[in-house]
A.B. asks: 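Have a look at this one before I ask anything.
Every chain is numbered from 1 and lettered A, B, ... according to where its sequence line falls, protein lines coming before strand lines.
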Protein chains: 2
Amino acid sequence: MRLTAKEISAALKEHGYKLTPQRRAIIKAITSNNDCLNPQGIYTRVRSQRAGIGLVTVYRTLEILTRLELICELPAGGIQRNYTLSASEHHHHLTCSGCGTVIDFTGHNLIDLENKLSRESGFIIESHMLEFFGLCQGCQKVS
Amino acid sequence: MRLTAKEISAALKEHGYKLTPQRRAIIKAITSNNDCLNPQGIYTRVRSQRAGIGLVTVYRTLEILTRLELICELPAGGIQRNYTLSASEHHHHLTCSGCGTVIDFTGHNLIDLENKLSRESGFIIESHMLEFFGLCQGCQKVS
DNA sequence: CTGTAAATGATAATCATTTTCATTTATACT
DNA sequence: AGTATAAATGAAAATGATTATCATTTACAG
């Protein structure tokens with residue numbers, strides 16, 4: 001289940017961060033679409049609604065949200081960083097390389113593989129990342 | 001099977017690229033260790049052997065090697081890009097977040113999952129990425 | 001050995017991200 | 001509601017990785 005704007009706001013307050021109009025606007029921008037966003041994209045989207053905000057604030061807020069694991073950074077992609085909303089349970093992503101739409105999926109269990117790798121390599125495994133890339137139906141038509 | 005220096009050199013020639021001392025040195029640096037490397041790291045390593053090279057050349061060569069899929073860019077990591085040697089077959093990575101050592105592994109089949117996702121989402125899936133992160137035995141002792 | 005296109009490297013340019021710091025503001029507490 | 005205060009904002013400058021420019025050098029085919 002993807003996090004809601006309300007949940008994110010609550011988490012911020014819980015950790016002692018103030019709820020400013022700028023932060024509200026960023027949270028709204030992130031939660032109202034399910035594509036992935038880079039800092040510049042969020043900046044533009046917030047600006048396009050009447051709201052005043054600086055790019056610096058976007059960067060700072062994204063850093064906080066990442067630290068609290070409310071959003072997560074997506075691998076690869078272009079020059080800028082890409083972020084997507086976190087979810088309440090462990091999941092993976094399927095990202096459209098055309099428009100950036102992100103679909104979450106769960107239920108694929110990698111624990112067995114993780115244990116096997118750990119046993120064979122001697123590593124203590126801390127995390128993993130499973131990402132699929134492709135073209136969504138809309139972008140298939142375009143190309 | 002990880003690519004050898006000889007194979008990489010051959011591939012470069014095959015594609016019409018000249019085999020300069022600088023390129024040889026970079027290839028040697030990449031193939032002689034199995035940790036992942038960033039541009040600055042390769043630059044330093046090549047310099048530390050008597051060889052003269054500029055950072056710009058490192059960037060250019062890495063770009064060529066990436067384009068020919070002889071090395072691949074690793075996700076996440078720090079500020080700089082990280083690269084690791086490609087291999088002759090499809091595989092995934094287990095990366096030590098301490099020292100950057102990369103272990104390749106194969107044999108985990110994601111085709112079924114890929115088909116299922118494709119069917120359910122309507123995406124045409126083009127690629128995927130499965131990465132594990134942890135601490136190797138050496139780095140476990142240090143920390 | 002020679003010609004030539006490709007490669008190199010020093011320098012400068014670009015661009016995302018961070019830092020700085022003066023000003024503004026959310027929030028807890030009268 | 002008013003106020004104090006630490007946190008947040010934003011403009012401008014700094015940083016740092018990556019890329020472009022261009023004169024010089026070099027690999028290599030003939």
Side-chain angles (χ1 to χ4, degrees), chain A residues 5-6 8-29 36-47 49-68 70-83 100, chain B residues 8-29 36-47 49-68 70-83 100:
Chain A
K6 195 165 288 191
I8 294 179
S9 304
L12 274 185
K13 294 220 72 167
E14 211 170 288
H15 287 269
Y17 293 101
K18 293 178 180 170
L19 220 47
T20 64
Q22 290 86 351
R23 287 179 180 166
R24 283 180 207 278
I26 292 173
I27 292 170
K28 189 177 164 204
C36 61
L37 291 169
N38 57 36
Q40 185 67 52
I42 292 171
Y43 175 74
T44 307
R45 189 175 290 182
V46 170
R47 282 256 155 167
Q49 326 285 58
R50 70 199 167 290
I53 199 171
L55 189 53
V56 193
T57 301
V58 176
Y59 273 98
R60 267 189 297 232
T61 304
L62 289 177
E63 201 230 306
I64 293 170
L65 294 178
T66 305
R67 189 142 29 79
L68 298 182
L70 299 167
I71 58 177
C72 51
E73 200 177 326
L74 288 172
I79 300 161
Q80 286 196 82
R81 291 178 198 157
N82 283 302
Y83 296 90
Chain B
I8 294 178
S9 305
L12 273 185
K13 293 221 74 168
E14 210 170 288
H15 287 269
Y17 292 102
K18 293 178 180 169
L19 221 45
T20 64
Q22 290 84 351
R23 286 179 180 167
R24 283 179 207 280
I26 291 173
I27 292 170
K28 189 178 166 204
C36 61
L37 291 168
N38 56 37
Q40 186 66 53
I42 292 171
Y43 175 74
T44 307
R45 189 176 291 184
V46 170
R47 281 256 155 168
Q49 325 286 58
R50 68 195 169 291
I53 199 171
L55 188 53
V56 192
T57 301
V58 175
Y59 273 97
R60 268 188 298 233
T61 304
L62 290 177
E63 202 231 305
I64 294 170
L65 294 177
T66 305
R67 189 142 30 77
L68 298 182
L70 299 166
I71 58 176
C72 51
E73 200 176 329
L74 288 173
I79 299 160
Q80 286 197 80
R81 292 180 197 154
N82 282 302
Y83 296 90

A.B. asks: Can you pull the contact range of chain A along DNA chain D, 5' to 3', using atoms under 4.0 angstrom from its heavy atoms?
C.D. replies: D:dA6 to D:dA12

A.B. asks: Contact class for B:Arg23 vs. all strands (heavy atom < 4.0 Å): base, sugar-phosphate, or nothing?
C.D. replies: sugar-phosphate

A.B. asks: Identify, between B:Leu55 and A:Thr20, the residue whose nearest nucleotide on DNA chain D lies closer to the 5' end.
C.D. replies: A:Thr20

A.B. asks: What is the distance from CD1 of A:Ile64 to C1' of C:dT18, rounded to the nearest Å?
C.D. replies: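 Rounded to the whole Å, the gap is 14 Å.
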
A.B. asks: Could you check how far OH of B:Tyr59 sits from P of C:dC15, rounded to whole Å?
C.D. replies: 16 Å

A.B. asks: How close or far is atom C1' of C:dA10 from atom CD of B:Gln22, stated in whole angstroms?
C.D. replies: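 These atoms are roughly 14 Å apart.
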
A.B. asks: Run the side chain to side chain contact (heavy atoms under 4.5 Å, CB included) test against B:Arg47 and tell me which residues pass, sequence neighbours left out.
C.D. replies: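 So B:Arg47 forms a side chain to side chain contact (heavy atoms under 4.5 Å, CB included) with B:Tyr43, B:Ile53.
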
A.B. asks: Could you tell me how far apart B:Arg81 (CZ) and C:dC15 (P) are, to the nearest whole angstrom?
C.D. replies: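 Roughly 14 Å, once rounded to whole Å.
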
A.B. asks: Side chain to side chain contact (heavy atoms under 4.5 Å, CB included) with B:Thr66: which residues, sequence neighbours excluded?
C.D. replies: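 B:Thr66: side chain to side chain contact (heavy atoms under 4.5 Å, CB included) contacts with B:Ile71, B:Tyr83.
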
A.B. asks: Output all residues satisfying side-chain hydrogen bond (donor to acceptor under 3.5 Å, both in side chains) with A:Gln40, sequence neighbours left out; order by chain, then residue number.
C.D. replies: none

A.B. asks: Specify the separation, in whole Å, of atom CD1 of A:Ile53 and atom P of C:dT25.
C.D. replies: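 Nearest whole value for this atom pair: 14 Å.
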
A.B. asks: Considering residues at least two apart in sequence or located in another chain, which fulfil the salt bridge (Lys or Arg N to Asp or Glu O under 4.0 Å) criterion with B:Arg81?
C.D. replies: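 Scan of B:Arg81 (salt bridge (Lys or Arg N to Asp or Glu O under 4.0 Å), adjacent residues dropped) gives none.
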
A.B. asks: Just checking A:Gly52: base, sugar-phosphate only, or nothing, at a heavy-atom cut-off of under 4.0 Å?
C.D. replies: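 Counting heavy atoms under 4.0 Å across all strands, the contact made by A:Gly52 is with sugar-phosphate only.
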
A.B. asks: Mind checking the CZ-CG spacing from A:Arg60 to A:Leu65? Nearest 0.5 Å is all I need.
C.D. replies: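 Going from CZ on A:Arg60 over to CG on A:Leu65, the span is 13.5 Å.
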
A.B. asks: Distance check, rounded to the nearest 0.5 Å: A:Thr61 atom OG1 versus A:Ile26 atom CD1?
C.D. replies: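 Reported value, rounded in 0.5 Å steps: 3.5 Å.
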
A.B. asks: Among residues 37-45 of chain B, which residues get a heavy atom nearer than 4.0 Å to DNA chain D?
C.D. replies: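 Output list: B:Pro39.
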
A.B. asks: Just verifying a value: how many Å separate B:Asn82 CG and B:Cys36 SG, rounded to the nearest 0.5 Å?
C.D. replies: 4.5 Å

A.B. asks: Taking all atoms of both residues into account, what is the closest heavy-atom pair of B:Leu12 and B:Ile64, and its distance?
C.D. replies: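 Shortest heavy-atom contact: CD2-CG2, 3.8 Å.
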
A.B. asks: What's the NZ-C1' distance between A:Lys13 and C:dA26, to the nearest Å?
C.D. replies: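 One finds 8 Å between C1' of C:dA26 and NZ of A:Lys13, rounded.
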
A.B. asks: Quick check for you: to the nearest 0.5 Å, what is the distance between A:Ile8 atom CD1 and A:Arg24 atom CZ?
C.D. replies: 13.0 Å

